[in-house]
Student: 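After the structure tokens below, expect a handful of questions from me.
Every heavy atom of this structure was used, including side-chain atoms; hydrogens, water molecules and symmetry mates were not.
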Amino acid sequence: MPVEQITEIADLRREARRWLAETEIPTVPLELEERFNVLRRWQRTLFDAGWMGLGWSREAGGRGLTARHQQVFSEELARAHAPAPIGLIGLDVVGPSIHRYGSPEQRSRFLPPLLAGEDIWCQGFSEPSAGSDLASLRTRALRHGDKYVVNGQKVWTSWGNQASWCALLCRTDPEPKHAGISYLIVDMSSPGITVRPLVQMTGDAEFCEVFFDNVEVPVGNLVGKENDGWRIALDTLSQERGYYAMRRQVEIGWGVEKTIDGLRGTSPESTTNRRISTAIGESHVALRVLDAQIRRTVQRLIDEEGPHPLDSIDKLVLNDAEQVVGRALADLLGPFRLDTESQPLGLNAAQLIHDHYFSRAASIYGGTSQIQRNIVAERLLGLPRS
């Protein structure tokens with residue numbers, strides 16, 4: 001049966017497993033630019049084969065299925081040791097909000113090339129003085145006829161230097177705080193945009209500062225209504241903490257399996273070493289906890305519940321899984337973690353150290369753990385503000 005006609009979960013799993021077994025899985029390099037290019041080509045391969053946007057409507061270029069179908073395919077990616085595609089900000093964060101709140105013209109214009117990897121997206125939310133307190137953002141968009149003129153600065157903008165489009169939160173009304181924010185789609189090639197990459201502790205320059213100096217944006221690129229961007233932003237953040245957690249579960253699990261394969265390739269008995277078995281056991285426990293949480297998340301996505309305080313629990317569980325696994329696997333290197341060129345026990349020291357450093361940011365990006373705990377305390381447990 002052609003993949004486009006599959007709707008049953010079991011059939012989709014079988015076909016995904018067959019297709020992945022017959023498809024050349026790319027080797028993902030550590031160097032950022034090479035990694036980006038390899039994963040972009042891989043996204044196109046997935047798109048051409050009908051595996052992208054399983055839960056998106058056909059109007060948007062997807063398959064019209066559910067989040068459960070998407071999770072099943074993600075599980076099969078992990079089983080095949082295949083990487084996730086590159087356009088995760090568009091696929092898991094921005095795209096679903098455009099799909100929900102965008103006009104028919106916006107959905108048909110922006111979403112199919114997003115799925116195919118032709119357009120990479122970034123997210124213009126955080127600012128130097130508006131990170132955890134996002135509603136205090138200062139980037140302004142003043143309307144002049146059929147366009148907005150944008151001035152301001154964003155920071156921690158992942159893939160800002162590679163993106164074709166930016167989902168931008170900006171202030172269209174100075175007061176009140178939350179109700180004066182709008183959600184614009186900005187062409188990153190527009191005159192007046194300056195992008196400056198920021199080097200992270202991993203050595204990558206994936207994050208960027210983005211400056212807007214009298215950048216003109218067509219009014220037709222407004223998502224939803226003017227001054228209603230906060231509601232859409234909450235949906236975007238919800239997607240980031242739901243769909244993104246699903247995707248990261250695959251990537252983290254893939255890293256653990258690659259590590260186990262490396263250990264077995266050196267010495268089949270190495271996995272019985274107490275230190276090694278403890279690290280692998282801690283990693284698997286963290287992944288199983290994340291998997292249990294993700295299954296609840298999938299049901300909420302299927303039910304289209306929208307933003308919910310439970311999204312913060314998704315983020316907290318993901319944070320823990322990232323950091324537990326990152327530390328446990330890096331600890332396997334022992335003293336060799338100081339030498340990124342080494343391969344003790346058949347392990348790739350450079351990759352494990354990179355992943356460990358990246359995991360340290362998990363409790364910051366997408367909303368700090370402290371903010372998530374406050375949301376849980378106030379909105380789920382009903383505790384008073386201190």
Side-chain angles (χ1 to χ4, degrees), residues 13 17 20-21 24-32 34-35 38-39 42 71 74-84 200-204 244-295 314-365 369:
R13 188 183 293 279
R17 190 168 296 184
L20 287 164
E24 182 178 356
I25 305 299
T27 299
V28 183
L30 189 58
E31 197 278 324
L32 185 66
E34 295 178 11
R35 188 192 331 152
V38 166
L39 293 179
W42 176 237
Q71 186 196 26
S74 295
E75 290 170 353
E76 291 306 313
L77 280 179
R79 182 180 180 277
H81 293 188
Q200 302 147 238
M201 66 188 300
T202 59
D204 292 340
Y244 182 73
M246 287 170 54
R247 191 82 67 177
R248 282 300 291 155
Q249 176 193 21
V250 171
E251 294 175 328
I252 299 168
W254 183 57
V256 172
E257 292 303 318
K258 279 195 357 180
T259 299
I260 294 173
D261 286 347
L263 292 167
R264 286 173 174 160
T266 303
S267 170
E269 293 77 26
S270 64
T271 53
T272 63
N273 176 284
R274 182 179 179 85
R275 182 171 65 89
I276 293 174
S277 60
T278 297
I280 298 301
E282 289 178 351
S283 299
H284 272 290
V285 168
L287 283 170
R288 296 291 74 77
V289 172
L290 179 58
D291 179 68
Q293 182 64 30
I294 292 300
R295 292 182 184 279
D314 293 338
K315 181 64 169 57
L316 288 167
V317 174
L318 173 61
N319 294 351
D320 287 345
E322 291 237 27
Q323 295 183 347
V324 167
V325 173
R327 175 196 53 75
L329 299 189
D331 283 349
L332 291 175
L333 300 172
F336 291 96
R337 67 188 302 162
L338 300 176
D339 180 10
T340 58
E341 301 298 320
S342 64
Q343 290 192 322
L345 302 172
L347 302 174
N348 185 332
Q351 183 69 61
L352 293 182
I353 293 168
H354 175 280
D355 293 348
H356 176 47
Y357 286 163
F358 182 83
S359 75
R360 303 316 302 160
S363 51
I364 300 174
Y365 66 67
S369 292

Student: Side chain to side chain contact (heavy atoms under 4.5 Å, CB included) with R295: which residues, sequence neighbours excluded?
Tutor: R68, Q71, E75, D291

Student: Once rounded to the nearest 0.5 Å, what's the spacing between atom CD1 of I353 and atom CG of N348?
Tutor: 9.0 Å

Student: Considering only residues two or more places apart or on different chains, which pairs with a residue in residues 250-260 satisfy side-chain hydrogen bond (donor to acceptor under 3.5 Å, both in side chains)?
Tutor: R248-E251

Student: Which residues satisfy the side chain to side chain donor-acceptor pair (under 3.5 Å) test with D204, sequence neighbours excluded?
Tutor: R35, H354

Student: Who are the side chain to side chain contact (heavy atoms under 4.5 Å, CB included) partners of A21, not counting sequence neighbours?
Tutor: none

Student: Which pair of heavy atoms, one from L332 and one from A279, lies closest together, and at what distance?
Tutor: CD2-CB, 3.6 Å

Student: Residues two or more places apart in sequence or in another chain: which of them pass side chain to side chain donor-acceptor pair (under 3.5 Å) with S369?
Tutor: N319

Student: Quick one: does any side-chain atom of K315 pair with a main-chain N or O of S363 as donor and acceptor, under 3.5 Å?
Tutor: no

Student: Do you know the tightest heavy-atom contact between L20 and A82?
Tutor: CD2-CB, 4.4 Å

Student: Going by side chain to side chain donor-acceptor pair (under 3.5 Å), name the residues that satisfy it together with E76, two or more places apart in sequence or in a different chain.
Tutor: R13, R17

Student: Please identify each residue that fulfils side chain to side chain contact (heavy atoms under 4.5 Å, CB included) with R327, with sequence neighbours left out.
Tutor: E282, V324, D331, H356

Student: Nearest 0.5 Å, please: how far is CD1 in I260 from CD1 in I280?
Tutor: 4.5 Å

Student: If you take all heavy atoms of S359 and G326, which pair is closest and at what distance?
Tutor: OG-CA, 4.1 Å

Student: Applying side chain to side chain donor-acceptor pair (under 3.5 Å), can you list everything that pairs with E31, at least two apart in sequence or on another chain?
Tutor: none

Student: Between A80 and I25, what is the shortest heavy-atom contact and its length?
Tutor: O-CG1, 4.3 Å

Student: Applying side chain to side chain contact (heavy atoms under 4.5 Å, CB included), name anything that partners V38, two or more places apart in sequence or on another chain.
Tutor: P26, P29, R41

